[in-house]
Amino acid sequence: MSTGPRYRFAPSPTGMFHVGGARTALHNWALARQSGGTFVLRIEDTDEVRNRPEWTAGIIDALAWLGISADDPHFEGPLFQSEYAAAHLEAANRLFESGHAYYCDMTPDEIQDRAKAEGTTGYGGWSRDRGLGPAPGSVLRFKVPEGTTVVHDLVRGDVEFDHAVIEDFVLVRGNGTPVFILANVVDDMSMGITNVVRAEEHLPNTPKQQMLWQALGHEPPVWAHVPVLVNEQRKKLSKRRDKVALEQYRDEGFLADAMVNYLMTLGWSPGEQEIQPWSVMEQSFRLDDVNLSPAFFDLKKLAAFNGEYIRRLSVDELVDACDPWLPAEWDRAVFREMAPHIQPRLNTLADAPGVVDFLFLDEPDIDDDSWSKTMTTEYAQPLLADAIGAFETCAWDAATIKATLEDVMGRYDLKLGKAQAPVRVAVTGRTVGPPLFEALEVMGRDESLRRMRNALDRL
RNA sequence: GCCCCCAUCGUCUAGUGGCCUAGGACACCACCCUUUCAAGGUGGCGGCACGGGUUCGAAUCCCGUUGGGGGUGCCA
């Protein structure tokens, strides 16, 4: 095990794995690896009603997809918070014994009523001096001392919080279970975490957690709060209304490398060239350089990155990558022949089948608009007939097929752009698609001619 | 309401007092290339929120205003 700094990523398994979480994980991963430290994965599975085992598996799978997994010696875990419940309660008890915390038997309703009566909001520390002991239904609250707490944040600098505005927060619920703020700190302490890098939404928790570290007799970790990711309305990305599931992007044919690269450009810049391999970004990432403003998760730019990464794939890599999106019965050898031609036309791997499906269907799926646009011209029928005649005997390779059609179209005073259209629609069903002559070559003379004759019959 | 954070093209960013008539990328537009559509090439549009300071000099420092965000749970 490494002796360097210990970072951690501590998601809760309450839903699909969030792209924001993915970015935070990447930050921690880069920092841990560049410093020869450790990345601890801790699953915070203490919310019994919202937890689901499949979400935990989803987190681990998604991280592995990004390249963060136990295969790497810098990775430690997964550790499960639920297994440390005894330590959380033991810490809570120590806090009570040392006078840093006290019990309170007021219900939420009673607290609200009293606050209303006194014209204040929140909890007023009313049970501080009542000397209550543990009892069923009572909560343990932290006794926030007077003064201020300064959080030294590597991204934001020093942030000062006045204790007067921090109420005595709950550490242990009435049902005896610890809350996040306590469990999180106790685990970080016992796991020897030295650096906490997380999203900005946790910044308001930080003074409370820092007080807990100190009350428990430890030096707090180095903090860093990176800005949140937002949607087009500039609201924090939410699982409910935004498309945030990393799994979903994977299933739609986004490449892990593209996703990783894009995520890293949110709130940080890898330099003049923003398309960079992970090996480079991992070493150059610095918290000092992280932006302070929320960043919009832009699907269009992600897609552009993805297209760029797809174009950089070798043909073999592309064919392999597309495989999960291709119907099992499609001939991979045929697909492979077309792969180089569709490569620059793909934004996602999931686009692949739709671009070449005509090669594998028994009959082309004729698009009505395409048909009416190209087949209603006066030259469509004679040109198709002539092309069929010429194609019956010419050599069957893309260059010759092209030359043959060019020869035919000369009789109609057409440019290639116009002349290829009826053939394209007859064979592929659409006006747009991969290069036609290459597609014809791959499809073969017999099937190409059959489709052209069928189209001719319809005219 | 209260606390905290933030503010460069539509978006992501470079920029840490003079290299800035503010650079790049995505998006958008035009042209070129072209076998349709892409890809590629070239060019264009477009920004330092506002007002005060400090300074010989400010996108960069300070203050205020405005605007945005996060948090205010016996969720995490």
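Reminder, nothing fancy here: chain letters follow the sequence lines and each chain counts from 1. Values reported hereafter were calculated over all heavy atoms of this structure, with side chains retained and with hydrogens, waters and symmetry mates removed. Not measured: the values here are computed from a predicted model.
Checking B:A38, B:U35, B:G1 against every side-chain atom of A:K402, the shortest atom distance belongs to B:U35.
Across all strands shown, A:R430 has no heavy atoms under 4.0 Å from either base or sugar-phosphate atoms. A:L266 comes within contact range of the sugar-phosphate backbone alone, with a heavy-atom separation under 4.0 Å but no base atom that close.
Using C1' as the reference atom, B:C48 and B:C20 are 10 Å apart when rounded to the nearest Å.
Annotation: cation-pi geometry satisfied between A:K208 and A:F169 (NZ/CZ under 6.0 angstrom from ring centroid, within 45° of ring axis).
The side-chain heavy atoms of A:L246 and A:M16, taken from C-beta on, include no pair separated by under 4.5 Å.
Following rounding to the nearest Å, A:H341 (NE2) and B:U34 (C1') show an atom-to-atom distance of 15 Å. In this structure, A:F296 atom CZ and B:U11 atom P are separated by 9 Å, rounded to whole Å.
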Polar atom pairs between nucleotides 70-76 of chain B and protein, under 3.5 Å, N or O only, would you list them?
unit_1: B:G70; atom_1: OP1; unit_2: A:K236; atom_2: N; d: 2.9
unit_1: B:G71; atom_1: OP1; unit_2: A:K236; atom_2: NZ; d: 2.6
unit_1: B:C74; atom_1: O2; unit_2: A:G174; atom_2: N; d: 2.9
unit_1: B:C74; atom_1: N4; unit_2: A:M106; atom_2: O; d: 3.1
unit_1: B:C75; atom_1: OP2; unit_2: A:R173; atom_2: NE; d: 2.1
unit_1: B:C75; atom_1: OP2; unit_2: A:R173; atom_2: NH2; d: 3.0
unit_1: B:C75; atom_1: O3'; unit_2: A:R173; atom_2: NH2; d: 3.2
unit_1: B:C75; atom_1: O2'; unit_2: A:D47; atom_2: OD2; d: 2.7
unit_1: B:C75; atom_1: O2'; unit_2: A:R50; atom_2: NH2; d: 3.3
unit_1: B:C75; atom_1: O2; unit_2: A:R50; atom_2: NH2; d: 3.3
unit_1: B:A76; atom_1: OP1; unit_2: A:R173; atom_2: NH2; d: 2.6
unit_1: B:A76; atom_1: OP2; unit_2: A:R173; atom_2: NH2; d: 3.1
unit_1: B:A76; atom_1: OP2; unit_2: A:F180; atom_2: N; d: 2.9
unit_1: B:A76; atom_1: O3'; unit_2: A:E44; atom_2: OE1; d: 3.4
unit_1: B:A76; atom_1: O2'; unit_2: A:S12; atom_2: OG; d: 3.0
unit_1: B:A76; atom_1: N6; unit_2: A:N205; atom_2: OD1; d: 3.3
unit_1: B:A76; atom_1: N6; unit_2: A:N205; atom_2: ND2; d: 3.2
unit_1: B:A76; atom_1: N1; unit_2: A:N205; atom_2: ND2; d: 3.4

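Inspection of the A:S293 and A:R234 side chains reveals no N or O donor paired with an N or O acceptor under 3.5 Å.
One finds a side-chain N or O of A:N291 lying less than 4.0 angstrom from the OP1 or OP2 phosphate oxygen of B:A14.
Side-chain atoms of A:R156 stay outside donor-acceptor range of the base of B:C5, with no qualifying N/O pair under 3.5 Å.
Although no hydrogens or angles enter the test, the distance criterion places no donor-acceptor pair under 3.5 Å between the side chain of A:Q276 and the main chain of A:S269.
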